[in-house]
Amino acid sequence: HPTLQTGAREILYPSISAPYRNSYSYVTPTVGYHMTRYSFDDPNTASESRNLPIYSVDSGLTFERETSLWGRAFLQTLEPRLYYVYIPFRAQDQLPNYDTAEADFTLAQIFTWNQFSGSDRINDANQLSAAITSRLIDPDSGDEQLRFTLAQRYYYKPQEVSLTPQTSNSDRSDVLASLTGQITKHWFSDLGVQYSPSGNTLQNDNVVLRYRPEIGKVVNFGYQYTRDTLEQVDLSAEWPIGGRWTALGRYSYTLQDKSLLQGLLGFEYNAGCWAARLVLNRFVSATQE
């Protein structure tokens, strides 16, 4: 980089897990030691290092019962999950930031030990993530018809490591909820919500409606909202147009700026043992061009 600090980053993260499982439960304790060393191209800058032990325990239960809804028989599950993480505090402001950002707060991220993407920052943690999931399963086909998840993270100490000079004093995170279901044989829906109990506000929601009559044919309708940040709609599709030809397209539009975020149009010719594809893509770059 012409102006920012450059150098090499070496990472070693050995860990060991001891999973215990049976037909209705699991417990997985994990112990790891994360070692990071920076050496810089500038000979006047001393090397830096960070060493952190990381402890976690992931656990869950599965309960099942037979039930009947809308005149149909289902197998209903109840699946509580607890994920505990402990990482001691290490000052990291002296380390460069090559590729790290705060990860999106999602149901996938809430069950990971680091709230940052990349490797330049590792959060301190004494926290417990708790979730409850319930599914409706067709007992004949085994297909999942409906899934509902509710999750929240609890902090036993304020987190001190951040990308900005601030410390969070909240003892719990926002609430995450998701609902995924098969409406009919060919229609599917996904709904995700992030709610802040402290501010009594909706922080984020994401809605997707999907039509998939068979493999290779799909149409998606999406809406995404993040408080004070974005509001956008997203339409996408892939569909055979005759012979060996397939078309795909996407139109992503921001309602805040009333402008196109991404437009995509593509075609594929599939001859079986070889394929040719052409895709045209128009999108907003990081420079707003």
Side-chain angles (χ1 to χ4, degrees), residues 69-70 72 74 76-77 79 81 101-112 115 117 129 131-138 141-153 173-197 201-241 246-268 277 279-284:
L69 291 172
W70 311 299
R72 292 180 56 188
F74 290 102
Q76 183 183 16
T77 70
E79 306 167 40
R81 181 181 179 183
E102 189 166 351
D104 291 337
F105 186 62
T106 64
L107 286 172
Q109 193 277 331
I110 200 173
F111 292 106
T112 59
Q115 70 180 29
S117 61
S129 298
I132 187 78
T133 298
S134 182
R135 296 184 293 158
L136 291 179
I137 300 172
D138 188 319
S141 65
D143 292 339
E144 182 181 281
Q145 301 295 307
L146 188 69
R147 176 174 54 193
F148 174 73
T149 300
L150 192 66
Q152 192 173 26
R153 179 183 286 162
S173 71
D174 292 345
V175 176
L176 296 175
S178 73
L179 181 66
T180 302
Q182 183 173 349
I183 304 172
T184 66
K185 183 179 180 180
H186 303 312
W187 284 92
F188 304 83
S189 65
D190 294 292
L191 171 63
V193 172
Q194 178 182 340
Y195 173 76
S196 172
T201 55
L202 182 67
Q203 297 295 105
N204 183 294
D205 74 82
N206 186 42
V207 181
V208 176
L209 187 63
R210 179 177 299 109
Y211 175 65
R212 189 175 60 199
E214 59 184 72
I215 294 176
K217 294 182 178 181
V218 64
V219 180
N220 302 300
F221 308 89
Y223 170 80
Q224 186 174 3
Y225 166 82
T226 300
R227 184 178 177 83
D228 300 327
T229 302
L230 65 85
E231 185 178 13
Q232 65 188 53
V233 293
D234 198 320
L235 307 177
S236 62
E238 177 186 359
W239 207 267
I241 55 176
T246 298
L248 63 86
R250 182 183 183 187
Y251 185 82
S252 185
Y253 183 82
T254 169
L255 298 174
Q256 278 186 323
D257 301 326
K258 295 181 173 55
S259 62
L260 177 73
L261 286 174
Q262 183 181 34
L264 184 146
L265 180 64
F267 299 93
E268 177 191 76
R277 303 182 181 97
V279 177
L280 308 175
N281 192 13
R282 178 179 176 86
F283 57 93
V284 176

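Starting from 1, each residue takes its place in the sequence as its number.
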Engineer: Ignoring hydrogens and angles, write down the donor-acceptor pairs under 3.5 Å from the side chains of residues 103-112, residues two or more places apart or on other chains.
Structural biologist:
| unit_1 | atom_1 | unit_2 | atom_2 | d |
| --- | --- | --- | --- | --- |
| Thr106 | OG1 | Ala108 | N | 3.4 |
| Thr106 | OG1 | Gln109 | N | 3.1 |
| Gln109 | NE2 | Asn114 | O | 3.4 |
| Thr112 | OG1 | Gln109 | O | 2.6 |

Engineer: Give the C-alpha distance, both sets of side-chain angles, the deciding distance and a yes or no for side chain to side chain contact (heavy atoms under 4.5 Å, CB included) between Leu260 and Tyr251.
Structural biologist: CA-CA 8 Å; Leu260 177 73; Tyr251 185 82; 3.4 Å; yes
Engineer: What distance do Thr201 atom OG1 and Arg227 atom CZ have between them, rounded to the nearest 0.5 Å?
Structural biologist: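 Going from the OG1 atom of Thr201 to the CZ atom of Arg227 covers 4.5 Å.
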Engineer: Between Arg282 and Leu280, does the side chain to side chain contact (heavy atoms under 4.5 Å, CB included) criterion hold? Intermediate values first, please.
Structural biologist: CA-CA 7 Å; Arg282 178 179 176 86; Leu280 308 175; over 6 Å; no
Engineer: How far apart are the closest heavy atoms of Ala237 and Val219, and which atoms are they?
Structural biologist: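 Ala237 and Val219 have their closest heavy atoms at CB-CG2, 4.1 Å.
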Engineer: Once salt bridge (charged side-chain N to carboxylate O under 4.0 Å, His left out) is applied, what residue pairs with a partner in residues 211-221 remain, sequence neighbours excluded?
Structural biologist: Glu214-Lys217
Engineer: Would you please test Thr229 and Asn204 for side chain to side chain contact (heavy atoms under 4.5 Å, CB included) and show each step?
Structural biologist: CA-CA 10 Å; Thr229 302; Asn204 183 294; over 6 Å; no
Engineer: Shortest non-hydrogen contact from Val233 to Tyr223?
Structural biologist: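 Closest pair (atom of Val233, atom of Tyr223, distance): CG1-CD1, 4.0 Å.
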Engineer: For Phe74 and Trp70, take the angle between the two ring planes, folded into 0 to 90°, and tell me which bin it lands in: parallel under 30, tilted 30 to 60, perpendicular over 60.
Structural biologist: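 Perpendicular: the ring planes of Phe74 and Trp70 meet at over 60°.
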Engineer: What's the separation between atom CD1 in Ile241 and atom CG in Leu248, rounded to the nearest 0.5 Å?
Structural biologist: 10.0 Å
Engineer: For the atom pair CG (Asn281) and CD (Gln262), what is the distance rounded to the nearest 0.5 Å?
Structural biologist: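 Separation between the atoms: 4.5 Å.
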Engineer: Would you please name every residue forming a side chain to side chain contact (heavy atoms under 4.5 Å, CB included) with Gln256, sequence neighbours left out?
Structural biologist: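 Only Leu230, Glu231, Thr254 meet the side chain to side chain contact (heavy atoms under 4.5 Å, CB included) criterion with Gln256.
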Engineer: CD/Gln182 to CG/Asp138 distance, rounded to the nearest 0.5 angstrom?
Structural biologist: 9.0 Å
Engineer: What residues, two or more places apart in sequence or in another chain, satisfy side chain to side chain contact (heavy atoms under 4.5 Å, CB included) together with Arg135?
Structural biologist: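 So Arg135 forms a side chain to side chain contact (heavy atoms under 4.5 Å, CB included) with Thr77, Glu79, Thr133, Ile137, Glu144, Arg147.
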Engineer: Under 3.5 Å, is there a donor-acceptor pair between the side chain of Thr149 and the main chain of Ser178?
Structural biologist: no
Engineer: Look up atom OH in Tyr211 and atom CD1 in Ile183, then write down how far apart they are to the nearest 0.5 Å.
Structural biologist: 12.5 Å
Engineer: So, Ser259 versus Asp257: side-chain donor-acceptor pair below 3.5 Å or not?
Structural biologist: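 Their side chains do not contain a donor-acceptor pair, so the 3.5 Å distance test is not met.
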Engineer: Sequence neighbours excluded, which residues qualify as salt bridge (charged side-chain N to carboxylate O under 4.0 Å, His left out) partners of Arg277?
Structural biologist: Glu268
Engineer: Shortest non-hydrogen contact from Asp174 to Gln194?
Structural biologist: OD2-NE2, 2.8 Å
Engineer: Residues two or more places apart in sequence or in another chain: which of them pass ring-ring contact (aromatic ring centres under 6.0 Å, His included) with Trp239?
Structural biologist: none
Engineer: If you compare all heavy atoms of Gln152 against all heavy atoms of Ser173, which two are closest, and at what distance to 0.1 Å?
Structural biologist: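 Answer, listing the atom of Gln152 first, then Ser173: NE2-O, 2.9 Å.
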Engineer: Would you please name every residue forming a side chain to side chain donor-acceptor pair (under 3.5 Å) with Ser129, sequence neighbours left out?
Structural biologist: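 Arg153.
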Engineer: For the pair Lys258 and Tyr253, evaluate side chain to side chain contact (heavy atoms under 4.5 Å, CB included) and give the outcome as yes or no after the intermediate values.
Structural biologist: CA-CA 7 Å; Lys258 295 181 173 55; Tyr253 183 82; 3.3 Å; yes
Engineer: Kindly write out the residues that satisfy salt bridge (charged side-chain N to carboxylate O under 4.0 Å, His left out) with Asp234, not counting sequence neighbours, or none if the list is empty.
Structural biologist: Arg250
Engineer: Name all residues meeting the side chain to side chain contact (heavy atoms under 4.5 Å, CB included) criterion together with Leu150; count only those two or more places apart in sequence or in a different chain, and write none if there are none.
Structural biologist: Ile132, Phe148, Val175, Ala177
Engineer: Any pair with a residue in residues 180-190 that passes salt bridge (charged side-chain N to carboxylate O under 4.0 Å, His left out), sequence neighbours left out, goes on the list, sorted by first then second residue, please.
Structural biologist: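 Pairs touching residues 180-190 that pass the test: Asp190-Arg210.
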Engineer: Hey, could you give me the CG/CG distance between Leu179 and Leu146, rounded to the nearest 0.5 Å?
Structural biologist: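 Reported to 0.5 Å precision, the distance equals 5.0 Å.
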Engineer: I'd like to check the side chain to side chain contact (heavy atoms under 4.5 Å, CB included) partners of Leu265; sequence neighbours left out, ordered by chain and number.
Structural biologist: Phe267
Engineer: Excluding sequence neighbours, so at least two apart, what forms side chain to side chain donor-acceptor pair (under 3.5 Å) with Asp228?
Structural biologist: none
